[in-house]
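The shown structure was predicted, so the numbers you read here are calculated from the model rather than taken from an experiment. Labels below follow one simple rule: chain letters A, B, ... track the order of the sequence lines, proteins then strands, and each chain is numbered from 1.
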There are 2 protein chains.
Amino acid sequence: MSEKQSIKTWPRNVAADFSKLRKSEQTRQIILDTALEFLWSHSFRDLSVAGLTNQAGISRTCFYQYFDDLHNLMEVLLNDLEWEILAAAEPWLIAKADSAVKLSESLYKLVKVCYERGPILLAIFESAPMDERLEKAWNDFVNVFDDTVTARIIQDQALGRAPEFQARPVAIALNRMDIGILIHHFGRDPRSEIQPVYQAIVRIWLNTIYGKETLDTVQG
Amino acid sequence: MSEKQSIKTWPRNVAADFSKLRKSEQTRQIILDTALEFLWSHSFRDLSVAGLTNQAGISRTCFYQYFDDLHNLMEVLLNDLEWEILAAAEPWLIAKADSAVKLSESLYKLVKVCYERGPILLAIFESAPMDERLEKAWNDFVNVFDDTVTARIIQDQALGRAPEFQARPVAIALNRMDIGILIHHFGRDPRSEIQPVYQAIVRIWLNTIYGKETLDTVQG
DNA sequence: TTTTTTTCTGACATTATGTCAGAAAAGCAA
DNA sequence: TTGCTTTTCTGACATAATGTCAGAAAAAAA
């Protein structure tokens with residue numbers, strides 16, 4: 001947090017009207033916003049409490065009134081991101097028919113959200129392994145998708161829409177693929193275009209789940 | 001590095017005959033082996049220079065004679081892992097024909113290597129974002145695969161073996177999928193079985209690259 | 001305004017890092 | 001083996017970032 005930062009692209013929900021909020025709520029928001037802004041253009045490893053509070057114009061000590069430490073702050077950011085992503089994925093998660101189409105729609109929304117929050121997603125992902133609690137929060141979040149996708153695949157298989165294969169490992173793989181590719185393309189400015197990323201993702205999901213041919217030549 | 005560790009499964013190449021090596025080479029190896037053993041059953045975040053040297057039976061200071069810091073040590077472990085993985089992937093990388101078969105073979109070897117070195121792979125992956133040099137080394141490593149896979153896909157497309165689609169984003173996605181799933185299943189003891197993981201990976205790769213149908217319904 | 005409650009801060013304690021000069025050990029030659 | 005040179009190791013020190021706490025300052029309420 002020692003370097004200066006460009007504010008060209010304001011990352012997100014600019015806090016609207018502070019004046020009516022309790023002071024403590026204002027300060028908390030300032031800290032969060034400052035962190036968000038910093039992480040938009042810097043790696044999590046360069047974030048420090050001292051730098052953050054400096055930038056925010058408050059004393060270092062004050063930070064600890066609102067967060068246990070930097071990882072706890074990331075946990076808060078993760079929570080914000082979580083419901084945004086879950087909202088994006090919902091169409092497919094609750095769909096009863098037209099799986100493939102709903103899947104494509106959901107994937108597109110997912111890609112868009114991650115495009116918008118890319119650097120934050122990256123920061124959360126990178127900082128998660130450094131802290132047990134945060135790591136667990138992240139894993140719990142990802143597991144929701146593992147479970148849901150697995151269930152959807154099994155359902156589609158039962159309906160004859162998808163061929164037979166072990167659903168869970170494939171679901172896990174597809175989700176890890178999403179995370180990896182989204183972070184790769186959108187994690188740092190300048191971010192890639194949305195379209196090619198979306199097309200790659202959708203191709204892999206659809207061909208994997210609904211594609212007929214499995215050239216399973218080698219069995220080890 | 002404060003907890004005790006189980007040595008049930010010795011992770012790798014047990015240093016054979018130390019007696020003929022220079023003292024410094026012995027010590028260096030002891031440090032590396034101790035780290036390897038620790039990481040076999042603990043997260044990188046719990047590794048410290050103090051704990052490591054304690055376990056190795058040398059003074060903390062001594063560590064710095066061989067490595068700049070813990071991340072530099074991880075860099076060394078990464079190098080070891082690198083050629084092992086590259087060797088596994090080689091069959092496909094240099095294949096001129098039978099792409100799909102060679103791909104399946106290479107993937108199987110890759111899965112096997114990552115099964116054997118899972119926890120180390122995880123430790124490298126998790127520690128990489130914390131250090132600029134290490135991060136770069138990791139990215140360079142992964143980029144090799146991105147480039148090679150992209151080239152192979154384009155080649156197969158030119159030969160009419162694979163349908164048309166943007167090769168690079170797909171290559172990147174497939175590689176991130178590999179990393180994610182291999183770390184997920186093999187990163188920590190107890191590790192998953194090899195077969196289901198291999199089958200999921202191979203299904204995704206083959207269906208994605210050689211599968212005909214791309215139900216590209218939504219274009220946003 | 002005065003009083004009470006909330007919020008902020010400077011000073012301190014702690015912990016892990018990395019450095020350096022000198023001690024100890026290893027390697028070597030006679 | 002002994003003495004000499006080079007390599008390796010270590011304790012003491014300096015540094016940097018964290019997290020805590022009691023009191024100061026500011027906000028909110030009366």
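- Under a 4.0 Å N-O distance rule, the pair B/D189/B/R191 qualifies as a salt bridge.
- Taking the six-membered ring for Trp and thresholds of 30 and 60 degrees, B/H71 and B/F44 have ring planes inclined between 30 and 60 degrees apart.
- Residue B/F67 is classed as having no contact, given no heavy-atom separation below 4.0 Å to the nucleic acid.
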Next on the checklist: Quick one, A/L32 with A/F67, criterion side chain to side chain contact (heavy atoms under 4.5 Å, CB included). Give me CA distance, side-chain angles, the key distance, then yes/no.
Outcome noted: CA-CA 10 Å; A/L32 283 170; A/F67 307 96; 3.8 Å; yes
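- A donor N or O paired with an acceptor N or O is found under 3.5 Å between the base of C/dG10 and the side-chain atoms of A/T61.
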Checklist entry - Does the pair B/F38 and B/L52 meet the rule for a side chain to side chain contact (heavy atoms under 4.5 Å, CB included), with working shown? => result CA-CA 8 Å; B/F38 180 82; B/L52 178 58; 5.6 Å; no
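- One atom, CZ of B/F63, and another, P of C/dT19, lie 11 Å apart when rounded to the nearest Å.
- Here C/dC8 is the nucleotide among C/dC8, D/dT18, C/dA26 with the atom lying nearest to any side-chain atom of A/S59.
- In terms of phosphate contacts, A/K23 brings a side-chain nitrogen or oxygen within less than 4.0 Å of OP1 or OP2 of C/dC8.
- Atom CD of A/E25 is separated from atom C1' of C/dT5 by 17 Å (rounded to the nearest Å).
- Checking C/dT9, D/dT8, C/dT7 against every side-chain atom of A/S24, the shortest atom distance belongs to C/dT7.
- Put simply, CD on B/Q65 is 17 Å from P on D/dT6, counting in whole angstrom units.
- With C/dC8, D/dT8, C/dT9 as the choices, the nucleotide that has an atom nearest any side-chain atom of A/I58 turns out to be C/dT9.
- Atom pair A/L52:CG and D/dG19:P shows a separation of 13 Å (rounding to whole Å applied).
- Within 4.0 Å of B/Y66, counting heavy atoms only, lie sugar-phosphate atoms of the nucleic acid but no base atom.
- Closest contact between the side chain of A/S48 and the listed nucleotides D/dT18, C/dC8, D/dT8 involves D/dT18.
- Spacing between atom CG of A/D68 and atom P of D/dT20 amounts to 8 Å, rounded to whole angstrom units.
- One can place CG of B/D131 at 10 Å from P of C/dG18, the figure rounded to the nearest angstrom.
- B/R22 has its CZ atom 12 Å from the P atom of D/dT6, to the nearest Å.
- In this entry the distance linking CD of B/Q26 with P of D/dT7 reads 16 Å, nearest Å.
- In the set C/dG27, C/dC8, C/dT19, the nucleotide with an atom closest to the side chain of B/Y64 is C/dT19.
- Taking only side-chain atoms of B/D69, from C-beta outward, the nucleotide of C/dG18, D/dT8, C/dC8 with the closest atom is C/dG18.
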Next on the checklist: ring pair (Phe, Tyr, Trp, His ring centres under 6.0 Å) for B/Y198 and B/H185? Distances and angles first, verdict last.
Outcome noted: CA-CA 11 Å; B/Y198 166 67; B/H185 289 287; over 10 Å; no
